[in-house]
Amino acid sequence: MCDQTPNWILQHPAYQQMKDLEVGDSEQLHAAFLVYMDLTEVRRWKEVSCVKSPELQVVLLKAKEKEGASVQTIFPLPVHRSLSHRSIRQVLDRGFPVLLCAVAADSTLVYQRMTDGLVTPDPPAGPFQDVGRRQHRKRRQQH
Amino acid sequence: MLADPAVSQTSMCSYWLSPVCGVLESPSMDDHQDSSLVVGVGLCDSAPLLWRLQDLKTVRSLGLVGALLGSLPRTPRQNQRLGRPLLLLPEEEKLLRDEEAAGALPGQNQDVGGVELQRRFEEDQQRSFEEQSVLALEDRKSALLRAMTSSHTGESALRRRLEALDHSFTFPQSAMAVQLSTARAGLSYCPEARAHLQANWPIREQNSPRSDARCQVFRDLRGRGFFLTSAGKFGGDFLVYPGDPLRFHAHFIAVCLMLDESVCLLDVLAVARLGSNVKKTVLLCSP
């Protein structure tokens, strides 16, 4: 890391590409780049590209989790920002599954899946067993 | 430095209400227009409470859950199982009002009610006493008969006692068994006139855009057949159940927002993390 130039990010071709989208938000641009690096190098997603969202004036990423999978939209955002339900809907309206990614100042990334509509959660994992009266009695005796 | 990112397992859903406000569509709606399904809502300060058992049943049949607040007389010092009254959510009360299914509880006419109840109580006591004396006498006789048949000595003495019993038997009042009816204690109401709620209902709510959003979301989800309760424990507005809460766990935590309301990304992450920990999907809802 030490012998790399400190401006390696600014010179990275992907960064240049994102900059050319001219979103006008350098902070969000930086966040988008970090997410790009994570998707390509760490998670090794395929066909990662950047696109501009005209309604939101942000850089969005498009990628596939693996070869042959369907395209997803990734929405990178610095963690201290706020957003509205409408902006989330606008990203969802692109028609692809959406991953919101919060980028912290120390480059920690947290992804959150956003879905249109009502998605039932996974049921609790079994096996289940009745706890029985002994457990209840134990708890009561603790008082 | 790129730390290992965490991918939250819960999906966060964006949910767009259709512009038409939902109407209750539960199958028991056929008799909904029947005026006997008007429930009496008592106001305690500004809290809408239901006291009568029939009202609670009615309201549950309309798919509204509410929250029980009272303690049960037989299991007082616990809050796992609570009793009447039932507190309604503001959205539930508004729904009832709009469907014209809620009326004000009449004020209790204390004097007349009290005298009537006392008279009835004393009559019941007297009747019970008479029945019990008859039964006590028969009991005594059969006891003596049994004593006669089992022991052959002293039979004549016992027979004389038996014959004297009819004249000399007294059943003291103090020996009477008194039954206390806890089922109806204090909550029985006389038949009342139904007053539909109009402008004379005290205006308590502050019509903020947030409460309006909540109300519309409540109606829409209720119209789709979900049951909703308050979600204070989970930092949301409502818990959404696919059916009666007694039968199901909640599937969703509904958070009601206006479409353009600005929300911190950190808050979004926090509520999503909470949702995944309790196995519920967080629902962002806007009218």
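Residue numbers start from 1 in every chain, and the chains themselves are labelled A, B, ... in the order their sequence lines are given, proteins ahead of strands.
For the set B:H251, B:E261, B:M258, the entry with the most heavy-atom pairs within less than 4.5 Å of chain A is B:H251.
Across all their heavy atoms, B:L283 and A:G117 have their closest contact at CD1-O, 4.1 Å. Residues A:D122 and B:K279 approach most closely at O-CD, 4.2 Å, considering heavy atoms. Minimum interatomic distance between A:P78 and B:L265 (heavy atoms only, all atoms of both residues): O-CD2, 3.6 Å.
Here the OG atom belonging to B:S276 is positioned 7.5 Å from the CD atom belonging to A:Q112, to the nearest 0.5 angstrom. Atom CZ of A:R86 and atom OG of B:S262 lie 13.0 Å apart (nearest 0.5 Å).
No side-chain heavy atom of B:T281 sits under 4.5 Å from any side-chain heavy atom of A:L118.
Within 6.0 Å of NE2 on A:H80 lie more than 12 heavy atoms contributed by other residues, nucleotides or ligands. Counting heavy-atom neighbours within 6.0 Å of B:Q78 CD, excluding the residue itself, gives a total above 12. Heavy-atom contacts from other residues, nucleotides or ligands closer than 6.0 Å to NZ of A:K52 number more than 12.
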